[in-house]
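For reference, the structure is listed below as structure tokens.
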There are 2 protein chains.
Amino acid sequence: MLGEATADWQSKRREAARREILAAAWAVARENGLGALTLREVAARVGMRAPSLYSHFASKHAIYDAMYGQAWAEYDRAAEAAVRHLPAEPRRVLREIARQYFEFATADMPRHQLMDLRTIPDFTPSDESYACAVRVYDRFRTVMASIGITADEDLDLFVALIGGLADSQWANDPGGDRYARLLDRAVDMYADALHLPPEEP
Amino acid sequence: MLGEATADWQSKRREAARREILAAAWAVARENGLGALTLREVAARVGMRAPSLYSHFASKHAIYDAMYGQAWAEYDRAAEAAVRHLPAEPRRVLREIARQYFEFATADMPRHQLMDLRTIPDFTPSDESYACAVRVYDRFRTVMASIGITADEDLDLFVALIGGLADSQWANDPGGDRYARLLDRAVDMYADALHLPPEEP
DNA sequence: GGACGATTCCTAACCATGTTAGGCGAAGCT
DNA sequence: AGCTTCGCCTAACATGGTTAGGAATCGTCC
């Protein structure tokens with residue numbers, strides 16, 4: 001039987017190794033694109049051979065899964081910070097949420113691709129990773145509720161709207177700001193449709 | 001030198017073979033998903049071995065390219081038909097375009113994935129295939145111009161809106177009709193923002 | 001202190017898939 | 001008939017995910 005202290009030390013080493021592998025995976029994805037993320041390349045960056053990664057992750061999908069969870073957790077942190085200083089006016093709240101999402105989505109292409117479940121064929125996140133995404137959505141729902149928007153359809157519409165703009169940004173003007181301008185118009189369209197009062201100047 | 005009649009006959013056989021291969025590729029994609037589209041599988045369905053496909057397509061990407069062109073050409077035909085009986089009221093025109101796109105996009109998942117350039121890594125359509133997509137966009141721009149919408153930003157916004165809803169449909173409610181209902185709301189939002197007159201009952 | 005057990009890395013290899021090389025046979029041209 | 005062309009074949013290669021099995025390391029226990 002392993003002693004408690006040892007188990008703790010070992011699990012810390014395990015965690016460190018996992019973190020290092022994930023960091024390498026992110027580096028590869030950012031430098032050469034998600035498509036270039038190969039086990040042999042990741043392994044090389046941490047001074048290992050590909051099969052050794054299996055001591056830390058059950059499969060390549062497990063690495064994707066961890067990255068997926070990390071990305072959503074990252075977004076959750078950013079959103080949490082933003083929620084603490086929410087404007088008073090509902091319309092400004094919408095704008096804030098929209099901008100936050102858009103900035104996060106357009107700041108890092110591989111991260112954004114990874115957060116989209118359609119990107120990796122046959123990928124389904126683990127419960128744990130998926131919970132990170134759900135947490136974000138719960139926070140979003142709470143904020144929306146605080147300005148009186150609770151209907152599922154209203155929430156879905158807002159998400160589709162902002163998501164469509166972020167995707168269009170990547171598809172049609174990566175690196176530019178063409179859709180950032182449209183974002184404000186979209187938010188206003190949406191706010192008008194829901195009869196939110198205009199902003200004070 | 002080959003005789004004229006023979007060349008013609010041979011090129012017809014070549015075309016027939018290409019069509020057969022593409023049909024098999026579509027069948028595989030629809031039955032087992034885009035990810036299951038493998039050269040060996042396609043070849044098997046047309047009674048060949050994988051390398052023989054290279055007599056008809058330069059690479060797997062060339063097959064994707066042909067499928068991409070076909071998909072957009074298909075949409076172009078559908079759009080052309082719709083354009084011939086456009087309603088008189090601008091708002092109804094928008095609704096018509098939106099519904100048309102949404103229905104086409106949600107009718108066939110692999111086709112929709114393929115029409116999105118992000119789906120296949122490192123895929124860039126040939127000029128010829130891309131022209132099919134451009135043709136669709138030109139038609140769209142013409143119709144929009146006919147109801148007085150010409151600004152690039154207005155067009156981009158509409159496309160992002162409808163595209164976002166179609167993507168959300170696939171992501172969150174495949175097989176359902178949750179986002180079809182939202183489509184009409186989105187169109188109205190957009191039409192209101194552009195001060196289009198309401199529809200007559 | 002030495003044997004045991006777990007852990008972690010390695011090499012070798014397997015399988016799937018896109019792709020290339022090279023050959024064989026049929027079919028048409030001259 | 002002889003030559004060329006074409007379409008298909010088999011064999012093989014490169015890459016990439018994965019598995020099998022072994023060796024080294026390190027903490028634990030007698």
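Below, read A as the first sequence line, B as the second, and so on, with proteins coming before strands; counting in each chain starts at 1.
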TODO: Determine, using ring centers only, whether B/Tyr68 and B/Phe123 are less than 6.0 Å apart.
DONE: yes
Open item on the list: Would you call the rings of B/Tyr137 and B/Phe140 parallel, tilted or perpendicular, taking 30° and 60° as the class edges?
Closed with: tilted
Open item on the list: So, does B/Arg49 get its side chain near the phosphate of D/dG7, meaning an N or O under 4.0 Å from OP1 or OP2?
Closed with: no
Task: For atom CD of A/Glu15 and atom C1' of C/dT8, their distance in whole Å - done: 16 Å
Task: Shortest side-chain distance from A/Thr38, nucleotide among C/dT11, C/dT19, D/dG16 - done: D/dG16
Open item on the list: Between A/Arg77 and A/Glu74, is there a side-chain heavy-atom distance shorter than 4.5 Å?
Closed with: yes
Open item on the list: Within the structure provided, determine whether A/Asp167 and A/His112 are in side-chain contact (heavy-atom separation under 4.5 Å).
Closed with: yes
TODO: For this output row, return yes or no: ring centroids of A/Tyr101 and A/Phe104 closer than 6.0 angstrom.
DONE: no
TODO: In whole angstrom, give the distance that lies between atom CG of A/Leu39 and atom P of C/dC9.
DONE: 15 Å
Task: Rounded distance in Å - CG (A/Asn32) to C1' (D/dG16) - done: 16 Å
TODO: For residues B/Phe158 and B/Ile162, determine if any side-chain heavy atom of one lies less than 4.5 Å from a side-chain heavy atom of the other.
DONE: yes
Task: Sub-4.0 Å heavy-atom contacts from residues 55-65 of chain B onto DNA chain D, ordered by number - done: B/Ser55, B/His56
TODO: Check whether any side-chain N or O of A/Ser52 sits under 4.0 Å from OP1 or OP2 of C/dC10, and answer yes or no.
DONE: yes
Open item on the list: In whole Å, I'd like the distance from the CG atom of A/Leu53 to the P atom of C/dT8.
Closed with: 13 Å
Open item on the list: Between C1' on D/dT15 and CG on A/Leu37, what's the gap in Å once rounded to a whole number?
Closed with: 15 Å
Open item on the list: Classify B/Gly47 by what it touches in the nucleic acid, base, sugar-phosphate, or nothing, heavy-atom distance under 4.0 Å.
Closed with: sugar-phosphate
Task: A/Met48 or A/Arg40, whichever maps to the more 5' nucleotide of DNA chain C - done: A/Met48
TODO: Please state how far atom CD1 in B/Ile120 lies from atom C1' in C/dG18, giving the value in whole angstrom units.
DONE: 14 Å
Open item on the list: Using a 3.5 Å distance criterion without hydrogens, assess whether the side chain of A/Arg18 forms a donor-acceptor pair with backbone atoms of A/His56.
Closed with: yes
Task: Rounded distance (Å) that lies between atom P of D/dG17 and atom CD1 of A/Ile21 - done: 14 Å
- [ ] Measure from CZ on A/Arg14 to P on C/dT7 and round the result to the nearest Å.
- [x] 8 Å
Open item on the list: Please pick, from D/dT10, C/dG18, C/dA12, the nucleotide with the shortest atom-to-atom distance to any side-chain atom of A/Pro51.
Closed with: C/dA12
